A.B. asks: 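Input: one structure, supplied below.
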Amino acid sequence: MKTILNVKNLGKRFEGTQVLTDINFKVAEGEFIAIMGQSGSGKSTLLYNISGMDRPTSGNVLFGGKEISKLDDKKMSEIRLKEMGFIFQHSHLLKNLSIRDNIVLPGFKSGSVSRDKINQRADTLMIRTGILSVADHDIKKVSGGQLQRAGICRALINQPNILFADEPTGALNSSTTKDVMNIINKVNAEGTAVIIVTHDAKVAARADRVVFLMDGKIHDELRLEKYDGDEEKEFSREKRLSGWLEERGF
Ligand SMILES: Nc1ncnc2c1ncn2[C@@H]1O[C@H](COP(=O)(O)OP(=O)(O)O)[C@@H](O)[C@H]1O
Ligand SMILES: [Mg+2]
């Protein structure tokens, strides 16, 4: 498997505090990784520093073999727009725009394909995530689950090779969490690599690999089989992960 993201000796310091130390890991194309750890262990900081939203104070991040940690802001935002997708706990959609307009906007901005093509992609994504019926609604008129699905559609509009997610289900109830994770697993099964930060073992159990952070260092990791939607296997991988987390005081 080819490596899409290679993180080497990454460190991050905020003024006097070393938040991340000597982080090393590789992500293969199409891999699904969950990052777990106590609150304050550095999960979000790690995600921001490997996705070019922030810059590490030491070490390297290679994306598709190319060093991105030292690119200027303009080049970095272009890579983020065209080659990466991002979702967060709250999807930060623009007010006064419809769901559809929010989704197509980064597609139009990227300018790599025609507007017609972007509109078609948006329709396909909204059908797949079950929000086509609210496409023309104002973002204030839809549910939290619908907003989060819209956030996913927006993140996928430029067909990224990698999707970064920081606690994407943190504000959702358990049934909506399941729906959102089913979508993310499907996207991953089609070849998009996923890196998700979560404190929810049920969410992390959908990944191929769980990386456990402790005090800004990778403590260790657990490998799981590729998720295939089988309910019984899902239950046993959740049990295995919960036991593993418990051993680490989580
Ligand atoms: N911009 C910042 N400036 C100073 N300290 C920060 C900043 N961002 C995060 N930190 C510190 O880094 C540590 C890890 O934070 P974070 O990555 O948000 O943890 P997590 O996502 O695991 O809860 C915390 O102690 C936090 O206070
Ligand atoms: Mg966080």
Side-chain angles (χ1 to χ4, degrees), residues 5-27 31-61 63 68-73 76-77 80 84-93 144-145 147-148 151-152 154-155 162-174 176-177 180-181 184 193-222 224 241-242 244-250:
L5 198 71
N6 188 356
V7 181
K8 295 203 245 179
N9 306 315
L10 182 145
K12 179 69 180 179
R13 215 181 152 76
F14 290 111
E15 276 127 53
T17 322
Q18 191 73 33
V19 171
L20 296 174
T21 312
D22 207 18
I23 303 276
N24 287 284
F25 71 98
K26 285 182 185 173
V27 183
E31 197 178 11
F32 186 160
I33 291 183
I35 300 172
M36 295 195 83
Q38 300 290 354
S39 171
S41 59
K43 305 179 296 295
S44 296
T45 306
L46 178 60
L47 198 76
Y48 302 159
N49 280 273
I50 62 177
S51 62
M53 290 178 64
D54 196 359
R55 279 164 213 288
T57 36
S58 54
N60 306 90
V61 180
F63 176 61
I68 57 164
S69 48
K70 289 163 190 90
L71 291 178
D72 64 41
D73 289 350
M76 193 60 242
S77 46
R80 284 207 309 272
M84 299 171 168
F86 294 87
I87 39 179
F88 303 92
Q89 183 163 357
H90 297 286
S91 50
H92 307 293
L93 297 179
L147 269 185
Q148 199 54 310
I152 295 174
R154 184 186 54 178
I162 191 162
L163 180 65
F164 295 97
D166 192 2
E167 306 272 10
T169 62
L172 306 176
N173 65 32
S174 62
T176 316
T177 291
V180 164
M181 288 315 297
I184 291 178
V194 177
I195 305 187
I196 193 170
V197 165
T198 183
H199 60 260
D200 184 342
K202 269 178 158 346
V203 167
R206 298 293 195 99
D208 308 332
R209 191 145 65 99
V210 182
V211 171
F212 193 75
L213 273 192
M214 208 183 263
D215 302 327
K217 290 182 190 149
I218 293 182
H219 187 261
D220 56 357
E221 61 172 48
L222 176 72
L224 299 164
L241 175 60
S242 299
W244 185 82
L245 288 168
E246 216 167 291
E247 286 165 18
R248 278 142 194 86
F250 190 82

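Predicted, not measured: the structure shown is a model, and the values here were computed from it. We number each residue from 1, following the sequence as shown. Both counts, for ligands and for their atoms, begin at 1 and track the order of listing.
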A.B. asks: Within a strict 4.5 Å, meaning less than it, do heavy atoms of the Asn60 and Asn9 side chains meet?
C.D. replies: no

A.B. asks: Considering only protein heavy atoms, which is closest to atom 19 (O) of ligand 1, and at what distance to one decimal place?
C.D. replies: Gly42 N, 3.3 Å

A.B. asks: Check step by step if salt bridge (Lys or Arg N to Asp or Glu O under 4.0 Å) holds for Arg55 and Asp73.
C.D. replies: CA-CA 10 Å; Arg55 279 164 213 288; Asp73 289 350; 2.6 Å; yes

A.B. asks: Starting from atom 18 (O) of ligand 1, what is the nearest protein heavy atom, named by residue and atom, and what distance separates them?
C.D. replies: Ser44 CB, 3.9 Å

A.B. asks: Among Asp166, Asp54, Asn49, find the residue that satisfies the side-chain hydrogen bond (donor to acceptor under 3.5 Å, both in side chains) test when tested with Ser44.
C.D. replies: Asp166

A.B. asks: May I ask you to identify the nearest protein heavy atom to atom 1 (N) of ligand 1, giving residue, atom name and distance to one decimal place in Å?
C.D. replies: Phe14 CE2, 3.4 Å

A.B. asks: Could you check whether atom 26 (C) of ligand 1 has a protein contact, counting only heavy atoms that fall below 4.0 angstrom?
C.D. replies: no

A.B. asks: Among the heavy atoms of Gln38, does any lie under 4.0 Å from an atom of ligand 1?
C.D. replies: yes

A.B. asks: N/O/S of Thr45 less than 2.8 Å from the Mg ion (ligand 2)?
C.D. replies: no

A.B. asks: Do ligand 1 and Gly40 have nitrogen or oxygen atoms that lie under 3.5 Å from each other?
C.D. replies: yes

A.B. asks: Which of these, Ile35, Val203, Ile33, sits in a side chain to side chain contact (heavy atoms under 4.5 Å, CB included) with Ile196?
C.D. replies: Val203

A.B. asks: Once you restrict to heavy atoms under 4.0 Å, what part of Thr45 touches ligand 1? Side chain, backbone, both or neither.
C.D. replies: both

A.B. asks: Could you tell me if any non-hydrogen atom of Gly37 lies under 4.0 Å from any atom of ligand 1?
C.D. replies: no

A.B. asks: Give me the ring orientation class for His92 and Phe88: parallel if the planes are under 30° apart, tilted from 30 to 60°, perpendicular past 60°.
C.D. replies: perpendicular

A.B. asks: Evaluate the 4.0 Å heavy atom contact test for atom 5 (N) of ligand 1: does a protein atom fall under the cut-off?
C.D. replies: yes

A.B. asks: Answer whether the closest heavy-atom distance between the side chains of Lys12 and Tyr48 falls below 4.5 Å.
C.D. replies: no

A.B. asks: Look at atom 11 (C) of ligand 1 and say which protein heavy atom is nearest, naming residue and atom and giving the distance to 0.1 Å.
C.D. replies: Val19 CG2, 3.9 Å

A.B. asks: Taking side chain as C-beta onward, heavy atoms only, is Met84 less than 4.5 Å from Ile68?
C.D. replies: yes

A.B. asks: Hey, which of Leu163, Ile162, Leu46, Val211 is the one that makes side chain to side chain contact (heavy atoms under 4.5 Å, CB included) with Ile195?
C.D. replies: Ile162

